[in-house]
Protein chains: 2
Amino acid sequence: MDAIDLSLVELLRNNARLSYAELARQVGLSAPAVHERVGKLEASGVLRAYRADVAPEAIGLGVTALIGIVEDSGADTDDVLEAFRAMPEIESCYFMAGVESFLLKARVGTIAELERLIVRLNRTPGVASTRTGIALSTKWENRPQPVTPPAG
Amino acid sequence: MDAIDLSLVELLRNNARLSYAELARQVGLSAPAVHERVGKLEASGVLRAYRADVAPEAIGLGVTALIGIVEDSGADTDDVLEAFRAMPEIESCYFMAGVESFLLKARVGTIAELERLIVRLNRTPGVASTRTGIALSTKWENRPQPVTPPAG
DNA sequence: GGCTCAGGTCGATCGCGTCCACGGACTGTG
DNA sequence: CACAGTCCGTGGACGCGATCGACCTGAGCC
């Protein structure tokens, strides 16, 4: 991970569809060299995926909720996690410090679907309680921050 | 937004670097037709960006926090929002229903940086209080859910 | 010095991106 | 019904990009 690798990562974070030729121009190497570097970054797990950022409402996911989960004492955290993983509405899952073991970000189409999701969560073995907050609007999401900007 | 557009969106959500030729094969159209459709999806705001998904620890962002913000009574929400926007550590910003007006997802390199961020947030005009939860681990994030899966 | 390896460039080949002309289905109109 | 216009697609052409292999160079090490 030298400076050129960081540049490549930053460029791809801002536009994952840049061609190797364009990346090469930006970092001052040849296209094959960039191709090899990007391949290594993918293989080493630094670059995990390339995703289109889609307007959620356009694909019928107009409701965003953030849900805190309190586990039962003695719950098997791995089992709870697997249950969450099986619910596609749960887009993100963080294991948290604090009373609430998990914080989930879920997207659904309607409030009725959110209700059903919450019922399912509360029924999940190991889940003691849930606390749901509704996002009225998403101001921004997954904004890539410049890599190592405030190095001073 | 017909079924083919949805397929294209879904394909690009899972791999934003697919070539037009490959997309064309997958949806059964010619490459120019796909090119035009994708262009229209971008122009209409359905496809907002293409981003590489990067392992945060690899670029020095090992600490993830979720921060709830309570506004002062009489605060100017737009000003608060602009102050947040100027902080690159804040990767996501949701405007919430409830006592806490905002929920922020922030990523920093160290706990010390998180402390400085929280101090800055508390000093921001319009912010009455903050409540920070630390993510011990990110189980997954921004998992794309299949478009219109449970149509039945 | 000479080996070896990592990591680059260069050149060639093949497939892809992209522009353009063309064509069929649908629609509204005389 | 004939006609024209529009939308949306296909196919061909051409230049650029992706990708492979051969070769070059500098660093580290006997």
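Chain A is the first sequence line, chain B the second, and so forth, proteins listed ahead of strands; every chain is numbered from 1.
Considering only residues two or more places apart in sequence or on other chains, B/Ser44 meets the side chain to side chain donor-acceptor pair (under 3.5 Å) condition with none of them.
Between the CG atom of B/Leu29 and the P atom of D/dC8 there is a distance of 12 Å, rounded to whole Å. Look at CE on B/Met1: it is 18 Å from C1' on D/dC8, rounded to the nearest Å. In this structure, B/Arg37 atom CZ and D/dG9 atom P are separated by 4 Å, rounded to whole Å. C/dA6 atom P lies 10 Å from atom CD of A/Glu36, rounded to whole Å.
Rounding to the nearest 0.5 Å gives a distance of 9.0 Å between OG1 of A/Thr138 and CE of B/Met96.
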Q) Are A/Val127 and A/Asp72 close enough, and set up right, to give a side-chain contact (heavy atoms from CB on, under 4.5 Å), and what steps lead you there? A) CA-CA 6 Å; A/Val127 170; A/Asp72 277 331; over 6 Å; no
Q: Show your reasoning for whether side-chain contact (heavy atoms from CB on, under 4.5 Å) applies to B/Leu104 and B/Leu66.
A: CA-CA 6 Å; B/Leu104 313 177; B/Leu66 289 132; over 6 Å; no
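For the segment residues 7-26 of chain A, the set of residues with a heavy atom within less than 4.0 Å of an atom of DNA chain C is empty.
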With 3.5 Å as the limit, what N/O pairs link the protein to nucleotides 20-23 of chain D?
none

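No donor-acceptor pair under 3.5 Å is formed between the side chain of A/Arg51 and the backbone N or O of B/Asn15.
Looking at which nucleotide of DNA chain D each of A/Ala31 and B/Ala31 is closest to, the 5′-most match is held by B/Ala31.
In this model, the phosphate group of C/dA6 is not approached by any side-chain N or O of A/Lys40 to a distance below 4.0 Å at OP1 or OP2.
Over its length, the helix from C/dG1-D/dC30 to C/dG30-D/dC1 turns its helix axis by 10°, as judged from the five terminal pairs at each end, rounded to 10°.
In this structure, B/Met1 and B/Leu6 have side chains that are in contact, with non-hydrogen atoms separated by less than 4.5 Å. By the 4.5 Å heavy-atom criterion applied to side chains, B/Leu114 and B/Ile134 are counted as neighbours.
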Determine all donor-acceptor pairs shorter than 3.5 Å in which one atom belongs to a side chain in residues 23-35 of chain B; sequence neighbours excluded.
{"unit_1": "B/Arg25", "atom_1": "NE", "unit_2": "B/Glu22", "atom_2": "OE1", "d": "3.2"}
{"unit_1": "B/Arg25", "atom_1": "NH2", "unit_2": "B/Glu22", "atom_2": "OE1", "d": "3.0"}
{"unit_1": "B/Gln26", "atom_1": "NE2", "unit_2": "B/Glu22", "atom_2": "OE2", "d": "2.9"}

Side-chain donor-acceptor distances from residues 84-94 of chain A under 3.5 Å, at least two apart:
{"unit_1": "A/Arg85", "atom_1": "NE", "unit_2": "A/Glu82", "atom_2": "OE2", "d": "3.4"}
{"unit_1": "A/Glu89", "atom_1": "OE2", "unit_2": "A/Arg120", "atom_2": "NH2", "d": "2.6"}
{"unit_1": "A/Glu91", "atom_1": "OE1", "unit_2": "A/Arg107", "atom_2": "NH1", "d": "3.4"}
{"unit_1": "A/Glu91", "atom_1": "OE2", "unit_2": "B/Gln145", "atom_2": "NE2", "d": "3.3"}
{"unit_1": "A/Ser92", "atom_1": "OG", "unit_2": "B/Asn142", "atom_2": "N", "d": "3.0"}
{"unit_1": "A/Tyr94", "atom_1": "OH", "unit_2": "B/Glu141", "atom_2": "OE2", "d": "2.6"}

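Between B/Tyr50 and B/Glu42, the side chains place a donor N or O and an acceptor N or O closer than 3.5 Å (distance only, hydrogens not considered).
Using a 4.0 Å cut-off between a side-chain N of Lys or Arg and a carboxylate O of Asp or Glu, A/Asp2 and A/Arg37 qualify as a salt bridge.
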